[in-house]
Amino acid sequence: MNIDLPPQYSPQSVESAIYKKWLDSKTFHAVPDARADKYSMVIPPPNVTGALHLGHAINGTIQDILARYHRMKGDNTLWMPGIDHAGIATQAVVEKTIFEKEHKTRHDLGREELVKRIWQWKEQFGARILTQLQSIGASCDWDRTRFTLDETCAKAVREAFFKMFKNGLIFRGKRLVNWDTHLQTAVADDEIYHEPVKGQLTSIKYPVDGSPGEFLVVATTRPETMLGDTAVAVHPDDPRYKHLIGQHVILPLIGRRIPIIADGQLVDPKFGTGVVKVTPAHDPNDYATGLRHNLEQINLLTPDGKVNDNGQGEFLGKKYAYIGLKFATAARKAVLADLESLNLIADKKKHDHEVGHSDRSKTPIEPYLSDQWFVRMGDITNDNQSRNRQGATSEPRPSGSDSSSANTSRSLPDGRGSDGVTLADGTRVPGLAQAAIDAVASGRVKITPERYAKGYIDWLSQKRDWCISRQLWWGHRIPVWTYQMSDATVKVLAEKGHAGIDEKDLIAQEAFAGWLLLKPDQVAVPSWLSPQRITIQGKHAAGFPWPEDGRLMICIKDNPALEKEAEALGFVQDPDVLDTWFSSALWPLSTMGWPDRGTSATANDELLPYFYPTSLLSTAREILTLWVARMVVFGLYCHGDVPFKDVYIHAVIQDGEGRPMKKSLGNGVDPVDIVASHGADALRFTLAAMATETQDIRMPVVKDSKTGINTSPKFDLGRNFANKIWNASRFILGAIAENTPQLETRNLKLETLEDRWILSRLNSAIQSAESAINAYRFADLAESLRSFFWTDLCDWYLEISKARIKAGDQTVQQILLHCLKTSLQLLHPVMPFITEELWSKLPIENRKSKIENLLITSPWPPFDSAQLDSAAESQLSLIQSLTSAIREIQNRYPAAKGKPVILQPRNAATQSLIEQSRAIIESLAQVTIQENSPTAEKPVNAATAVLSDGGGVQVFIADVIDKTAEAAKLTKRKAELEKLILSAHNKLSNESFASKAPAHIIQGLKDQMSKHQEELIAIEKNLAELQAKT
RNA sequence: GGGCGUUUAGCUCAGUUGGUUAGAGCGUACGGAUCACACCCGUAAGGUCGCUGGUUCGAGUCCAGCAACGCCCACCA
């Protein structure tokens, strides 16, 4: 064929056109049909603020390999794309931009305006990362692209929230949360990083009440929190303080009389003075202690991190006040100064410790008492007593926002007599976390690599409740309206209850809220509210009174009229939004339209029943718990089935020093740069080749001195391979005729050795590619494709066949076309662009203009074991060894080039095999075989090579020898052989080995040893000759 | 402190249930403008498999201990 392709592949000139072809062909678009074979994935939605990084690139490559492979296999394949609204990150970015440009804060703009601005920002920049994903070839169904804040997702969020609310799985609590005083929001534990801070451990003397001159000395790194102390604690068994337990101290500066309590959990008698100040409102441990001892919680903070009105008091007749001071800085200074002047500081020591910082604002977080919403993850039992007991004595976890235990008695089970939670398929489970544990433990969800299952189960086993409220404006607003009850109402509600209202009547009403709204006062009285506190459940509303902060709470679902009515009556919507992970947790459901059956109105587009559960979720290990576990929870609870059957956790790419790639380190490689410099296929191939099962992979990063762009020599691997594919294809296309018939592989009878061999190799390649993909072994996949194409096909088959190609042999043309076509198909999932481009050049009938003839839609080549040919493989391996041996001599002795070679095979069988392949060897090694016989004589001063495998052939080339070098080489080999033989001999003469080792091992060792002995004899002979003539 | 993982050639990584000379790519050295490809072709050198001990006829592979490094979780008044 006349084929006009440049000698170098230029990805930039073909990629966008190819991608457009795919889009035009609609092959990415999946529609439910009659096929039972289907494959579906949801993409881990990248943050709307995000730009593509290598993590996205490797995960995108993996998913795309799977999507394209399954599509070729004939599976109805859906890869669902989308973006995450990423509450905190996005709001922070936009707020920052606005402040930089306009010097306005969000409070200047107001909620509505800020949200409007973020939407504008989203419209402008939100699609960038999707475009970038397209540039690496991602074959997502873009027509179905979702955004976690779009109406389809919002509907799912409202449905899930309402369902949980109604079932008592969502509850409210005053909790100690991680407070970001800069962003004025609670942040989750996982959004906090710890940084070492050089601090000071201050020992403060607290005077014992009624015992003048006696002090308890407490040590603290945060002296300012003493203003909120409501106790001091000692260890119950500490002899130093035992006598003081039950007595009181007077809190300096404030003057409050606070108890001395004994607490074995809080106090380590060996640390510091063995006395701990207890500040329940400002320290997680103290909070837990406070709950155990029923201590008052005194909040000292304003939301922006200053001391509130509680920061004042009177001590020894003098007034002290710290109101308005920055808590951890100015207030600390002032407190220390006042204590100093009172001579109450016993000691100051340098003390380095870790301080939690908000990941978003990079400012220190404050433990802060605030109202939050939680999802109940733990087991639900109606045994209130045991719950209370548990809350009081088990290890509490009040730290951070996800904590629960203390609230157990405040949770709101719908139970009314029954324990546990009902999943959507009717299954009863003890609790949500347990359901997700069981799904993995039972193998219903399979995690690869397996070791990650342990982390998943361990994390869920803590069954910590999930704080879902965030004090942000960007996100799904919590659909709860609250009404401030009068003090009297609260009192009646909390203490008395009422018998005048029948629960059943209320439930029967379509909208509880309607009643609630019309007669808000009456809510205070129903007796059945206590202790369960669940009031009414309707189709669009559910609610309960919350005496702790004197409010009625109603959740209204999809009923704007009711919302208006409520607001008219004085109900106010909760200002908070949901944690971003709440909507992410619904991702596999919401993208498919849940609670509806699909996302479009047409009945034949019902995604949910067809594509759910998905086949695979591929993601990074850091969100295995935050995201994966919660998707399992929601999948089971909302829809009654797991969201995916498999979870694949890919490795994390680090720089060459093993550090994570981070913006701040400047060590990241931007995949977009690599696409520009090396092409998308090179990027993908390299990433696939690096996708091993380890948890981290290192990628050495170098900065290009000219452009200043970070890159990695690793990507040359992919680029070089792409170029190889390009050139081999050029060569093959040039070699074959336009009308070359396709190879009929059924009942194929090939005469020629190399033809049989390459088809055998090709079929092995098909087999290994498939098994690698199915086992999620992408590095193996890349390697087996590369070695087949480059080594087997290019280095050997093409070289062997060049003579026949020149001669216009028909069969070889058919084989070439077949190998190229099949290779392009095998390579397509990993390197889609170049393979599609070359596919279009193949002389295949009906190719032109037909969509069906795009490579992306071509069928995956079937593996055919009948084409495996071990005889051909072993003979070709003899050819390879002989060729390499001859080339080795030629390289060692340049004078050997062009000289004839004499072969001395061990026996006639080998002689005959060599004879059959004489032409091949002569052409590959560019040599003439002068003699091939077991009785061939070694010529004078011959360079020698001995094949230890493949039939014990000796290779001689006359008159070229460098005696010293030759002797050195032989001596070295001799020593190696002697060592091997000795070791084999020792083994074989060991009776235990002979009696215990399996027969084939013994036989194999014997065979090996005799080969070595033969080689040794030959070498010794050569060596002797060499030395005799020296 | 708890859990998970890693340690194999100069670099990045493979190495299936223990079994016959531990592999690949890159890099290095040497040779090569031969009519697909120098982003190429050919050849070679390079490894006491982190350390110590154990199990076994036999250990890179299994077990124990140690060391270094990494990640996750918890804690540090």
Side-chain angles (χ1 to χ4, degrees), chain A residues 5 7-9 189 194 201 218-222 225 233 266-268 271-273 275-279 283-286 351 353-354 397 399 449 451-452 454-455 458-459 462 621-622 624-625 652 654 656 658-660 678 682 689-690 692-700 712-714 716-717 719-735 779-780 783 786-787 794-795 798-799 802 806 883-884 887-892 894 897 925-926 948-949 976-977 979-980 983-984 987 990-998 1000-1009 1011-1012:
Chain A
L5 294 175
Q8 254 187 29
Y9 172 56
D189 289 353
H194 288 85
L201 192 64
V218 301
T220 179
T221 54
R222 300 213 48 188
T225 62
L266 179 69
V267 183
D268 172 4
F271 188 94
T273 57
V275 185
V276 184
K277 58 190 276 306
V278 184
T279 323
D283 180 276
N285 284 310
D286 294 5
H351 182 76
H353 59 124
E354 300 269 306
R397 297 180 187 284
S399 88
R451 62 176 183 277
Y452 291 115
K454 189 170 160 39
D458 287 351
W459 185 82
Q462 298 174 20
R621 67 172 179 276
E622 59 181 4
L624 183 62
T625 51
V652 170
Q654 304 175 328
R659 296 173 305 181
H678 289 68
M690 294 182 80
T692 58
E693 285 207 350
T694 49
Q695 61 180 20
D696 300 309
I697 40 181
R698 291 183 180 201
M699 175 178 283
S712 172
K714 282 273 168 194
D716 295 349
L717 172 68
R719 182 199 55 191
N720 295 352
F721 186 40
N723 201 50
K724 188 72 183 179
I725 295 169
W726 184 257
N727 276 291
S729 304
R730 266 177 82 210
F731 177 70
I732 292 173
L733 291 170
D780 288 359
E783 173 52 25
R786 194 203 59 80
S787 81
C794 293
D795 291 347
L798 289 185
E799 293 304 325
K802 275 182 177 167
K806 263 186 199 164
T883 306
S884 294
R887 284 170 176 171
E888 192 267 327
I889 296 177
Q890 291 170 337
N891 264 283
R892 206 147 34 95
K897 280 210 180 112
Q926 299 204 310
S948 56
D949 56 352
E976 278 171 15
L977 287 167
K979 206 171 147 194
L980 288 167
S983 137
K987 266 190 197 172
N990 181 330
E991 273 180 42
S992 309
F993 177 76
S995 60
K996 288 184 185 170
H1000 74 276
I1001 294 293
I1002 294 174
Q1003 193 54 48
L1005 192 60
K1006 279 185 181 164
D1007 294 349
Q1008 194 66 38
M1009 192 171 83
K1011 274 181 199 168
H1012 287 154

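Excluded from the calculations below are hydrogen atoms, water molecules and symmetry mates; all remaining heavy atoms, backbone and side chain alike, are included. Below, chains carry the letters A, B, ... as their sequence lines are ordered, and counting in each starts from 1.
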Using a cut-off of under 3.5 Å, enumerate the N/O to N/O pairs linking the protein to nucleotides 1-10 of chain B.
none

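Across all strands, A/S787 comes closer than 4.0 Å to no nucleic acid atom at all (heavy-atom distances). If you check every strand for non-hydrogen atoms under 4.0 Å, A/K802 touches a base. Counting non-hydrogen atoms under 4.0 angstrom, A/A219 reaches the backbone sugars and phosphates but no base. Among the heavy atoms of the strands lying under 4.0 Å from A/E799 is at least one base atom, whether or not backbone atoms are also near. Note on A/E976: nothing from the nucleic acid sits closer than 4.0 angstrom, heavy atoms only. Looking at heavy-atom distances under 4.0 Å, A/I697 makes contact with sugar-phosphate atoms alone, never a base.
Judged by atom type and distance alone, A/H1000 does not reach the base of B/U20 through any side-chain donor-acceptor pair under 3.5 Å.
In RNA chain B, stems built from 3 or more consecutive Watson-Crick or G-U wobble pairs, each with both distances under 3.5 Å, span B:1-7 with B:67-73, B:10-13 with B:23-26, B:28-32 with B:40-44, B:50-54 with B:62-66.
Of the candidates B/U21, B/U12, B/U43, the closest approach to any side-chain atom of A/M690 belongs to B/U12.
Contact check on A/R786 versus A/E783 returns a salt bridge, with a Lys/Arg side-chain nitrogen under 4.0 Å from an Asp/Glu carboxylate oxygen.
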### Task
Assign a letter to each nucleotide of nucleotides 24-29 of chain B from its 5' end: B, base within under 4.0 Å of a protein heavy atom; S, sugar-phosphate only; -, no contact.
SS----
